[in-house]
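Read the numbers this way: they start at 1 and go in the same order the structure lists the ligands and their atoms.
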Amino acid sequence: MFDVTRYATAAQSVIEAGRFLYDRGWSPATSSNYSARIDAEHVAITVSGRHKGKLATDDVMVVDLHGRAVQSQCKSSAETLLHTVIYRLFPDVGAVLHTHSVKATVLSRLVPPGEALELEGYELQKAFNGVQTHEGRLTIPVFDNTQDIPALAEQTRLWFDEHRAQPGYLIRGHGLYTWGQTMDDCLRHIEAFEFLLECELETMRVRP
Ligand SMILES: CSC[C@@H](O)[C@@H](O)C(=O)COP(=O)(O)O
Ligand SMILES: [Zn+2]
């Protein structure tokens, strides 16, 4: 069982994240899904198919860390397992966000199959938790899109178990996943990714 007050706080953070991300144009047309940890066994996550800029309390539900609905008849996000796999891998993660921005979608299609997006030399890399300098390198894997979410969840589990310091990933032609210890950390990571992806796209434009 989960604590109702903690659930309400987590759900509110999800609702507010939705307003922010939709307003920025990063979650159009009901796309995206968001979650916040309630405790060691439960997360609050968006109900599938809801408009992410107009989330209300009944658009957020509880699942356990295997993606099973808890005290709800609703269907959780189609991509629930991509969230729960991250909470299971990283006990200190408090929020996971998935967005569908134009920049993440376009850039993910430009990275050659089998390659990752390498980010280095950007001061803004320091927006990610644990990064102290622009001199390091962030490796952002790009997974092929699929409707087989259990298979994709397993691919991400294997990759991030080996690369635990990396802050997120792209799905080709689909979008971005990132996480953080708090919802504020996670939102900062989304903003940092959007800035860095725009820099990469602009660099390709001026130096094809
Ligand atoms: C509206 S198309 C996007 C969906 O297919 C999916 O990728 C998505 O992000 C939202 O799915 P959802 O089930 O609402 O969490
Ligand atoms: Zn999606």
Side-chain angles (χ1 to χ4, degrees), residues 7 10-38 42-88 93-111 117 140-157 159-160 167-180 183 186-187 189-191 193-194 197:
Y7 163 69
Q12 191 56 34
S13 74
V14 165
I15 290 167
E16 287 169 14
R19 283 196 204 114
F20 176 77
L21 296 168
Y22 179 78
D23 285 350
R24 302 297 293 261
W26 299 338
S27 293
T30 76
S31 70
S32 304
N33 29 76
Y34 320 129
S35 65
R37 187 189 285 276
I38 300 170
H42 301 96
V43 300
I45 190 164
T46 43
V47 174
S48 185
R50 301 294 165 91
H51 189 294
K52 304 310 186 299
K54 301 177 191 167
L55 293 173
T57 316
D58 59 0
D59 299 318
V60 183
M61 60 183 286
V62 179
V63 294
D64 66 19
L65 292 201
H66 298 280
R68 296 176 293 225
V70 176
Q71 291 182 15
S72 174
Q73 302 304 313
C74 290
K75 181 183 178 316
S76 67
S77 168
E79 292 159 2
T80 295
L81 294 180
L82 301 182
H83 292 246
T84 54
V85 76
I86 296 299
Y87 289 108
R88 287 209 308 276
V93 162
V96 177
L97 294 171
H98 165 52
T99 46
H100 276 235
S101 73
V102 171
K103 292 183 189 91
T105 305
V106 171
L107 190 54
S108 68
R109 289 162 60 95
L110 296 175
V111 176
L117 178 66
I140 311 303
V142 183
F143 297 100
D144 287 333
N145 198 21
T146 175
Q147 305 303 320
D148 185 346
I149 299 302
L152 181 55
E154 179 61 6
Q155 281 184 61
T156 62
R157 187 187 70 76
W159 199 89
F160 283 98
Y169 62 90
L170 293 167
I171 309 174
R172 198 180 312 286
H174 180 159
L176 169 70
Y177 271 85
T178 189
W179 43 88
M183 184 60 84
C186 201
L187 287 164
H189 290 178
I190 291 271
E191 284 196 84
F193 267 119
E194 286 300 323
L197 299 181

Can we say Arg157 and Glu154 salt-bridge, meaning some charged N sits less than 4.0 Å from an Asp/Glu carboxylate O? yes
* Are Glu194 and Arg24 close enough for a salt bridge, meaning some N to O gap below 4.0 Å? -> no
In Ser13, Ser27, Ser77, the residue satisfying side-chain hydrogen bond (donor to acceptor under 3.5 Å, both in side chains) with Tyr34 is Ser27
Ligand 1: protein N/O within less than 3.5 Å of ligand N/O:
residue: ligand 1; atom: 7 (O); partner: Glu79; partner atom: OE2; Å: 2.6
residue: ligand 1; atom: 7 (O); partner: His100; partner atom: NE2; Å: 3.3
residue: ligand 1; atom: 7 (O); partner: His174; partner atom: NE2; Å: 3.0
residue: ligand 1; atom: 9 (O); partner: Ser32; partner atom: N; Å: 2.9
residue: ligand 1; atom: 9 (O); partner: Asn33; partner atom: ND2; Å: 3.4
residue: ligand 1; atom: 9 (O); partner: Glu79; partner atom: OE1; Å: 3.4
residue: ligand 1; atom: 9 (O); partner: His98; partner atom: NE2; Å: 3.3
residue: ligand 1; atom: 9 (O); partner: His100; partner atom: NE2; Å: 3.0
residue: ligand 1; atom: 13 (O); partner: Ser48; partner atom: OG; Å: 2.6
residue: ligand 1; atom: 13 (O); partner: Ala78; partner atom: N; Å: 2.9
residue: ligand 1; atom: 14 (O); partner: Gly49; partner atom: N; Å: 2.7
residue: ligand 1; atom: 14 (O); partner: Lys52; partner atom: NZ; Å: 3.3
residue: ligand 1; atom: 15 (O); partner: Asn33; partner atom: ND2; Å: 2.9
residue: ligand 1; atom: 15 (O); partner: Ser77; partner atom: OG; Å: 2.6

Correct closest heavy-atom pair for Leu65 and His42 would be CD2-N, 4.3 Å
With sequence neighbours left out, the residues meeting ring pair (Phe, Tyr, Trp, His ring centres under 6.0 Å) with Tyr169 are Phe143, Phe160, Tyr177
Row for the Zn ion (ligand 2): angle NE2 (His98) to NE2 (His100), 10° precision, value 90°
Output for pair (Thr30 OG1, His100 NE2), nearest 0.5 Å, gives 8.5 Å
Would you say Lys54 has more than 12 foreign heavy atoms packed within less than 6.0 Å of its NZ? no
Checking distances from the Zn ion (ligand 2), one finds that the N, O or S atom of His174 closest to it is NE2
